[in-house]
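For reference, the structure is listed below as structure tokens.
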Amino acid sequence: MKRLLILVGIGGLASSVAAVEIVRCTTADGEVRYQDRPCAAGEAVHRIQLVDDPPQASTSTTPQRNEAEDVGQPVAAMPGAAALAPTMPSSWLCRRGDGSRYLSDTGIGERRAVPLAMLGVPGRSLADAYGPGGAGVSAPGLRQPGIDRSADAQIGAAYVWVEDACEPVDAGAACRFLEGEIDAAEYRLRRAFSDTSAQVRAEIAALRERAAACR
């Protein structure tokens, strides 16, 4: 097994003079020694020059900044810190056909395809569609309801895109709406089952992220 023998005091010797030469001696069995005298006969010799560089004088006239001065500096005092505060984006309050409401960042409401008949197209009553007594059923299974095979019925079965109506609101109204939505979602979370609680938590997290600018 190779052994390494380092003589203590070489560092002190090197620092006391401007330059000193030491030698690394390696014996035939792998023992390594560092010394300031010649190696013994038969040993491998490697010379090492140590130089003690004098300290460099500073030529800069710029006063050095004390890092301790930066400790405890408030973030508000740093330039541009105010720009990091979240701001409420422009908001529009939209209403779905079922009466539920939501916020939009673009003012464009959600779109869905619905049959024209749900919008009152072509605007025919049951009596017009099925004729007198055509849709009158006094008991289940007693009489089958009539079938409207007219061209108007085909128009009413077609689908059309419907877009929710949206109106712009200020930041205060948007924050009040979000606060109400968070309260309602937290109420649902307290009564949610395990298979729906994760979805409600994700909804609450999204609402709180949007409402971060309200604080």
Common cluster, Val200/Leu178, ILVMFWY with side-chain heavy-atom separation under 4.5 Å
no
Once rounded to the nearest 0.5 Å, what's the spacing between atom CZ of Phe177 and atom SG of Cys214?
12.0 Å
Decide yes or no on side chain to side chain contact (heavy atoms under 4.5 Å, CB included) for Trp92 and Leu103, but give the supporting numbers first.
CA-CA 6 Å; Trp92 286 260; Leu103 284 180; over 6 Å; no
Begin with the C-alpha distance, continue with both residues' side-chain angles, and end with the deciding distance and a verdict on side chain to side chain contact (heavy atoms under 4.5 Å, CB included) for Val45 and Arg24.
CA-CA 6 Å; Val45 179; Arg24 184 180 67 193; over 6 Å; no
Taking every heavy atom of Ser104 against every heavy atom of Ile108, the minimum-distance pair comes out as OG-O, 3.5 Å
Say whether, by atom type as modelled, one donor and one acceptor occur between the side chain of Thr27 and the main chain of Glu31 under 3.5 angstrom.
yes
Arg191 charged N/C atom sitting above Tyr187 aromatic ring, 6.0 Å / 45°
yes
According to side-chain contact (heavy atoms from CB on, under 4.5 Å), who are the partners of Ala184, at least two apart in sequence or on a separate chain?
none
Show me the donor-acceptor pairs, under 3.5 Å and distance only, between side chains in residues 203-213 and residues at least two apart or in other chains.
unit_1: Glu203; atom_1: OE1; unit_2: Arg188; atom_2: NH2; d: 3.2
unit_1: Glu203; atom_1: OE2; unit_2: Arg188; atom_2: NH2; d: 2.8
unit_1: Arg208; atom_1: NH2; unit_2: Glu186; atom_2: OE2; d: 2.3
unit_1: Arg210; atom_1: NH1; unit_2: Asp105; atom_2: OD1; d: 3.0
unit_1: Arg210; atom_1: NH2; unit_2: Ser91; atom_2: OG; d: 2.9
unit_1: Arg210; atom_1: NH2; unit_2: Asp105; atom_2: OD1; d: 2.7

Start with the C-alpha distance between Arg101 and Cys94, add both sets of side-chain angles, then the distance that settles side chain to side chain contact (heavy atoms under 4.5 Å, CB included), and finish with yes or no.
CA-CA 6 Å; Arg101 301 182 303 167; Cys94 306; over 6 Å; no
Side-chain touch Gln35/Cys25, heavy atoms, less than 4.5 angstrom:
yes
Table please: side-chain donor-acceptor pairs of residues 110-122 below 3.5 Å, with sequence neighbours left out.
unit_1: Glu110; atom_1: OE1; unit_2: Arg96; atom_2: NE; d: 3.1
unit_1: Glu110; atom_1: OE1; unit_2: Arg112; atom_2: NH2; d: 3.2
unit_1: Glu110; atom_1: OE2; unit_2: Arg96; atom_2: NH2; d: 3.2
unit_1: Arg112; atom_1: NH1; unit_2: Asp164; atom_2: OD1; d: 2.6
unit_1: Arg112; atom_1: NH2; unit_2: Asp164; atom_2: OD2; d: 3.3

Dump the intermediate steps for side chain to side chain contact (heavy atoms under 4.5 Å, CB included) on Glu43 and Arg33, then the final yes or no.
CA-CA 10 Å; Glu43 294 180 341; Arg33 299 192 315 277; 3.0 Å; yes
